[in-house]
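Report on one structure; see the data block that follows.
Lettering of chains follows the sequences in order, A, B, ..., and the numbering in each one begins at 1.
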Amino acid sequence: MTEPVPASTSDSPAESTAADVEQADVEQAGSGLVAEKAKRLAKLDEMRRAGTDPYPYRFDRSHTLDEVREAHGALEPGTETEHRVSLAGRVMLIRDSGKLVFATMRDRAGEIQLFVSRAVVGDVAFVTFTELDLGDWVGVHGTVMTTRKGELSVKVDGFELLSKAVRPLPDKWHGLTDIDTRFRQRYADLIVNDEARRAFQVRHAVISSFRNTLDGRGFIEVETPVLHVEAGGAHARPFITHHNALDMQLYLRIALELHLKRLIVGGMERVFEIGRIFRNEGISTRHNPEFTMMELYQAFGDYTEMIEITEALITTADATGTSMVTIHGGTAANPVSATVDLAQPWRRARMIDLVHEAIGVEVHPSQPVDQLRELAAAHGVSCAPRWGQGKIIEELFEATAEHALVRPTFVTGHPVEISPLARADRHDPFLTERFELFIGSREIANGYSELNDPVEQRVRFEAEQIAKELGDDEAATAIDHDYLRALEYSIKEVILFPTLRPEVLG
RNA sequence: GCCCCUUUAGCUCAAUGGUAGAGCAGCGGACUUUUAAUCCGUUGGUUCAGGGUUCGAGCCCCUGAGGGGGCACCA
């Protein structure tokens, strides 16, 4: 990054040039990178001496690169048009063949080839163009054409540097592969890795679709506090912070739930929030201390309606333009892939039935606990002494059935023991009206008919000894409502700047 | 937190304990339809850090740091 010279400084650019500053670094480190930067900084000084601003204030483009491709993508090879365009983009590749230079330019939406002929732009401008570096941003003027091979190009007749890149790009073919470097220098990752850019476009499309879908169903988007007096709504260790004026300890929220429920109490009937939450736990490729979660709550419905909404949210968010997707799941040792048409109805199955399918033996929370313990042991699941039937069934499910849930599957009927907030199944008092959506062997959504009997809720909480959840009683006991906690985004590939250990800059 | 793997040029990667290399990028040269352009030449290194063994360490040993994977926990 080049710092602009402050207007008040008495140093003139000629007395203290960027190249001079860099020269000290050359002597210090002497690496190829420093030498390369020094060359590019010297070019900047040269341009300024010649009266050209290497970082001009503005460039008015006529089209984005995908617009040009859309309008002229069908041109026959060897076509010249009169269509004039002004385009802006970053120089990604240069192919110099003497008196003719080809360059690949890219903006956020596409790429196009620049056709720069010495005979067209003139000797001086041609040399200037060949002095561009990979990574520079340029604005070009010219006409749309195709080469003999049919490559859509712009025959450049004028151009200007829009922003000089002082640091070289990563390998033009391999890009950046080191995951650590990709996250630390996300800007470089976004420049060279198509998949990195695409992930965030898809993420935006999905969230935008969620908003549209919920808006169409009468949901209101809200923002609730991030700073909580009590960190509730989930089981997780919170971040602790402090408010000076109140001299009070506060927690960063670990869930959206508590305030959204209060809004249901207040009669808003249908609300949702897409918000950042914070959990002070381990960091891994799939766990970031801060991540985005969506929760939505609807009064008067039950969990079957929430299942329907969940399926609609995802099938409507066709960010890829097709309902056919390939899903990767299974385990690391035994990966499984499935190509699925999301438009087909998704399977719904009770947890106990999935366990039955997997091990060939029927299970139910009403069974004697010793019987389930033996079954668990037979499948390599070691049980803690305090575990009841419900917990053992869940562990059996995770050990024997979960990995096979590659296609979207709603797992329902979780045992009461492991679902302290869910209402009992109206047909089976040992189970709850709850679901978890599994896609690719991973849980991505969770919801239920909420327990709304205050006495029963208190009994459950006390039985579970979940002290932190007790703060939720006020909201839970005041009204009759159902809720869904739905979709969560959890992988770092959709987080632009994941939390990393501080980098030591040499 | 535990186990395994890993860290070499700007990037992607090599290198039996015996002079640290290649491709790309960069630099110089040739080329007016290339497209990872091609061809010829060429610069560039605190081999993550600190100790140790050895005549000699990128390589072996110890300690530490960063990263990746797995387990545990979760989302």
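Comparing B:rG58 with B:rG21, their C1' atoms are spaced 12 Å from each other, to the whole Å. The gap from the P atom of B:rC61 to that of B:rG68 amounts to 24 Å, rounded to the nearest Å. Only the C1' atoms considered, B:rA37 is 14 Å distant from B:rU32, to the nearest whole Å. Taking the C1' atom of each, B:rU46 and B:rA20 are spaced 13 Å apart, rounded to whole Å. Spacing of C1' atoms, B:rC24 relative to B:rU6, comes out at 23 Å, to the nearest Å. Rounded to the nearest Å, the gap between the C1' atom of B:rC11 and that of B:rG70 is 29 Å. Nucleotides B:rA30 and B:rG69, compared at atom P, are 48 Å apart to the nearest Å. Comparing the C1' positions of B:rG26 and B:rG44 gives an interatomic distance of 9 Å, to the nearest angstrom.
Whole-Å rounding puts the A:L176 CG to B:rA25 P distance at 16 Å. In this structure, CG of A:L132 is placed 15 Å from C1' of B:rG26, rounded to the nearest angstrom. Distance, A:D180 CG to B:rG69 P: 11 Å, rounded to whole Å. Separating the CD atom of A:E36 from the C1' atom of B:rC27 is a distance of 9 Å, rounded to the nearest angstrom. If you take CG of A:L134 and C1' of B:rG10, they are 12 Å apart, rounded to a whole angstrom. Going from atom CZ of A:R182 over to atom C1' of B:rG68 covers 13 Å, rounded to whole Å. In this structure, the CZ atom of A:R40 is 14 Å from the P atom of B:rG10, given to the nearest Å. At whole-Å resolution of the value, CD1 in A:I112 and P in B:rU33 are 20 Å apart.
Residue-to-nucleotide contacts include a donor-acceptor pair under 3.5 Å from the side chain of A:D171 to the base of B:rG23.
Counting any heavy atom pair closer than 4.0 Å across all strands shown, A:G78 reaches no nucleic acid atom. Residue contacts for A:A119: at a heavy-atom cut-off of 4.0 Å it reaches a base atom on one of the strands shown. Heavy atoms of A:L169 sit nowhere under 4.0 angstrom from any nucleic acid atom.
Put simply, A:R184 has no side-chain N or O that comes within less than 4.0 Å of OP1 or OP2 on B:rG66.
When atom types are taken as modelled, the side chain of A:E295 and the backbone of A:L256 share a donor-acceptor pair closer than 3.5 angstrom. Side-chain atoms of A:R48 do not come within 3.5 Å of backbone N or O of A:P54 as any donor-acceptor pair. Side-chain atoms of A:N193 never come within 3.5 Å of backbone atoms of A:E195 as a donor-acceptor pair (strictly under, hydrogens ignored). In this structure a side-chain-to-backbone donor-acceptor pair under 3.5 Å is present from A:T146 to A:G78.
In this structure A:A404 satisfies the side chain to side chain contact (heavy atoms under 4.5 Å, CB included) test with no other residue, sequence neighbours excluded.
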Which donor-acceptor pairs under 3.5 Å do the side chains of residues 391-398 of chain A make with protein atoms, sequence neighbours left out?
{"unit_1": "A:K391", "atom_1": "NZ", "unit_2": "A:E395", "atom_2": "OE2", "d": "3.2"}

Atom pairs and distances, side-chain donor-acceptor, residues 115-127 of chain A, under 3.5 Å, sequence neighbours left out:
{"unit_1": "A:S117", "atom_1": "OG", "unit_2": "A:A119", "atom_2": "N", "d": "3.2"}
{"unit_1": "A:R118", "atom_1": "NE", "unit_2": "A:D123", "atom_2": "OD1", "d": "3.1"}

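At a non-hydrogen distance threshold of 4.0 Å, A:T147, A:R148, A:K149, A:E151 from residues 135-159 of chain A come into contact with RNA chain B.
In this structure, NE2 in A:H83 is found 3.5 Å from NE2 in A:H63, a value given to the nearest 0.5 Å.
With no hydrogens or angles considered, a side-chain donor-acceptor pair links A:T104 and A:R95 at under 3.5 Å.
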Give me, pair by pair, the N or O atoms of the protein and of nucleotides 36-38 of chain B that are less than 3.5 Å apart, along with how far apart they are.
{"unit_1": "B:rA36", "atom_1": "N1", "unit_2": "A:W173", "atom_2": "NE1", "d": "3.4"}
{"unit_1": "B:rA37", "atom_1": "OP1", "unit_2": "A:K172", "atom_2": "NZ", "d": "2.3"}
{"unit_1": "B:rA37", "atom_1": "OP2", "unit_2": "A:R95", "atom_2": "NH1", "d": "3.1"}
{"unit_1": "B:rA37", "atom_1": "N6", "unit_2": "A:D96", "atom_2": "O", "d": "3.0"}

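Side-chain atoms of A:D133 lie closest to B:rC27 of the nucleotides B:rU32, B:rC27, B:rG10. Comparing B:rU12, B:rU32, B:rC27 against the side chain of A:K43 picks out B:rC27 as the nearest.
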Audit row: A:M294, A:L214, side-chain contact (heavy atoms from CB on, under 4.5 Å) steps and yes/no: CA-CA 11 Å; A:M294 179 169 85; A:L214 292 173; 4.0 Å; yes
Which nucleotides of RNA chain B pair, in dot-bracket form (Watson-Crick or G-U under 3.5 Å, | meaning another strand): (((((((..((((....[..)))).(((((.......))))).....(((((..]....))))))))))))....
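Within 6.0 Å of the CZ atom in A:R108, the count of heavy atoms belonging to other residues, nucleotides or ligands does not exceed 12.
Between A:E395 and A:D178, the residue anchored closer to the 5' end of RNA chain B is A:D178, taking for each the nucleotide with the nearest heavy atom.
In this structure, the ring of A:Y303 has its center no less than 6.0 angstrom from the ring center of A:F435.
Ion pairing between a basic and an acidic side chain is recognised when a charged N comes within 4.0 Å of a carboxylate O; A:D66 and A:R69 show no such pairing.
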